[in-house]
S.K.: 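Questions regarding the structure given below will be posed in turn.
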Number of protein chains: 2
Amino acid sequence: MHRKKLQNNKYTPIEDPKPLYQQVKSHVLQHIQNGDWEIHGRIPSEHELVATLSMSRMTIHRALRELTQEGILKRVQGLGTFVAAPKQMATTLSLPNIEEYVTSRGNRYSCTVQFHQTDPVTPEDALKLGLKEGADIYRSYLIHKENNLPIMLEDRYTLPDRVPDYINQDFTKILVDSFFAARCPFINHDHQLSVQMSTQEIHHFMELDHPTPCLHLYQRTWSGDKLLSAAKFLYPGGHFALSC
Amino acid sequence: MHRKKLQNNKYTPIEDPKPLYQQVKSHVLQHIQNGDWEIHGRIPSEHELVATLSMSRMTIHRALRELTQEGILKRVQGLGTFVAAPKQMATTLSLPNIEEYVTSRGNRYSCTVQFHQTDPVTPEDALKLGLKEGADIYRSYLIHKENNLPIMLEDRYTLPDRVPDYINQDFTKILVDSFFAARCPFINHDHQLSVQMSTQEIHHFMELDHPTPCLHLYQRTWSGDKLLSAAKFLYPGGHFALSC
DNA sequence: TAGTGGTCTAGACCACCCG
DNA sequence: GGGTGGTCTAGACCACTAG
């Protein structure tokens, strides 16, 4: 590249604290927030922004592409760039892991293990998990505690295939999720949420003395499309702060 | 640019169905899934991939940058690029909107409005919502139904400031969230989840005849950092399929 | 046909980390 | 000082949409 052009290079990080493409993103967001650019309205083309802001097209493009990925803009080839309507049609909840939840409130987290053993798959579990009856499966039954008081019960079934050493872990020390995350790529979950009244079993392990409504979360853990584990979480009468 | 270089341009979409940067992303994901590149392990540098795959650095960089944004990789300037450990430390739930939820099960959605009026802010609401006592606030009390049976109760308080025409809307026709989304940019929510037993009021409006545990979702809606609305959702004994 | 966004390249400068 | 990633540019080709 010629020296002349190097001198014209706009990348001068000493004076500009933020990268140019970030400045473009802020610029666009500002116009949207101000109401200058309305929802569903067309915003200037890449070419126009190149001229207005005196930047290269790749820089402008990166800013607009990222805003598109973030759902702020909507781009149509041959047509233009538009302000997207926020489509918060699905409410997303973020449930912190249990240890973080307890310690974030300044309390002490602990966990006791009631069972941690190899069982044969029962007929109903074979059906639910798509396994064959009688095969070996790991079952863990954990009581999570806040300042030594039970707050959550975890009843988990884990397939030996991918994590044969699961059964040798000490889950009073680390969370099951951390164990999976540390050795399996592409972890994902699906969930089912419901409410139920406490049972005798729950009364016993959670140290309850009267019927209590419980939040019931059923969570399956996958590595790619391979089922790793299925867990039932029970939070008696719980309250939960969730984000976003 | 010289003609020679144009002939060497690798962008030949007729033969390559996917863009090059997508191919690079797939290439990297494949190596991770195969186990060639382990969790926390270093992967080839941009320079090496440029040589191996015969592409420009910008193309390689875009692929690696996007994988980093997606949480698959971790990049450190001066050090290299590494396979990130899946950090699914927070469970994220996605709750579909009520109409979608009902219709996705092949049932008929409807909604009846019990209240939809302007009220003065009570002392306790003033405290909870950070408003001044006695000011005007919109209150809506909606019963959402599946095949004409009540499945969810919505008790909502809305600040007039940003959406003065809220009170003229017919929420038997559109969802409140859709109304907000259509006219306010940067919509976000926070939530609090809990369980509670049904009250007399709930029995009446939800047509229940005995005490039932209910899922209780408290949701505040913001546009940027400006509070728009706060709603209480009650799902008696509900079951919910949630994603991711 | 003109304008728009989608992709790609070659080359450059910078900031950072290490031995 | 050599290698790494982070950014930016000028210019090019392509695919799509519209009048």
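We name chains A, B, ... by the order of the sequence lines, and we start the count at 1 in each one.
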S.K.: Tell me every residue that passes side-chain hydrogen bond (donor to acceptor under 3.5 Å, both in side chains) with A/R139, counting only those two or more places apart in sequence or in another chain.
M.R.: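 Once residues adjacent in sequence are excluded, the partners of A/R139 under the side-chain hydrogen bond (donor to acceptor under 3.5 Å, both in side chains) criterion are A/D155, A/Y157.
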S.K.: Please tabulate, one pair per line, each protein N/O and nucleotide N/O from nucleotides 17-19 of chain D that are separated by under 3.5 Å, including the distance.
M.R.:
none

S.K.: How would you list, by chain and number, every residue that makes a side-chain hydrogen bond (donor to acceptor under 3.5 Å, both in side chains) with A/H144, sequence neighbours excluded?
M.R.: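 A/Y109, A/E154.
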S.K.: Ignoring hydrogens and angles, write down the donor-acceptor pairs under 3.5 Å from the side chains of residues 30-37 of chain A, residues two or more places apart or on other chains.
M.R.:
unit_1, atom_1, unit_2, atom_2, d
A/Q30, NE2, A/N34, OD1, 3.3
A/H31, ND1, A/H27, O, 3.0

S.K.: Is any side-chain N of the basic residue among B/R105 and B/E100 closer than 4.0 Å to the acidic one's carboxylate O?
M.R.: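 Salt bridge between B/R105 and B/E100, a charged N being under 4.0 Å from a carboxylate O: no.
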S.K.: Could you work out, with side-chain hydrogen bond (donor to acceptor under 3.5 Å, both in side chains) as the rule, every residue matching B/E99, not counting sequence neighbours?
M.R.: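 If we apply the side-chain hydrogen bond (donor to acceptor under 3.5 Å, both in side chains) test to B/E99, skipping adjacent residues, there are no hits.
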S.K.: Heavy-atom contacts under 4.0 Å between residues 56-69 of chain B and DNA chain C, which residues?
M.R.: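 Those residues whose heavy atoms fall under 4.0 Å from DNA chain C, taken from residues 56-69 of chain B in numerical order, are B/S56, B/R57, B/M58, B/T59, B/R62.
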S.K.: Pairing of DNA chain D as dot-bracket, 5' to 3': ( ) intra-strand, [ ] crossing, | other strand, . unpaired, with Watson-Crick or G-U pairs under 3.5 Å?
M.R.: ||||||||||||||||||.
S.K.: Could you pull out all residues at least two apart from B/S26 that satisfy side-chain hydrogen bond (donor to acceptor under 3.5 Å, both in side chains)?
M.R.: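 In terms of side-chain hydrogen bond (donor to acceptor under 3.5 Å, both in side chains), with neighbours along the sequence ignored, B/S26 is linked to B/K18.
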S.K.: Output all residues satisfying salt bridge (charged side-chain N to carboxylate O under 4.0 Å, His left out) with B/D170, sequence neighbours left out; order by chain, then residue number.
M.R.: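 Result, salt bridge (charged side-chain N to carboxylate O under 4.0 Å, His left out) vs B/D170: B/K173.
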S.K.: Which residues satisfy the salt bridge (charged side-chain N to carboxylate O under 4.0 Å, His left out) test with B/E48, sequence neighbours excluded?
M.R.: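 Residues passing salt bridge (charged side-chain N to carboxylate O under 4.0 Å, His left out) with B/E48: none at all.
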S.K.: For A/K74, which residues count as a salt bridge (charged side-chain N to carboxylate O under 4.0 Å, His left out) partner, sequence neighbours excluded?
M.R.: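 Applying salt bridge (charged side-chain N to carboxylate O under 4.0 Å, His left out) to A/K74 gives none.
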S.K.: If the condition is ring-ring contact (aromatic ring centres under 6.0 Å, His included), which residues does B/H61 pass it with, not counting sequence neighbours?
M.R.: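 Counting only residues at least two positions away or on another chain, B/H61 forms no ring-ring contact (aromatic ring centres under 6.0 Å, His included).
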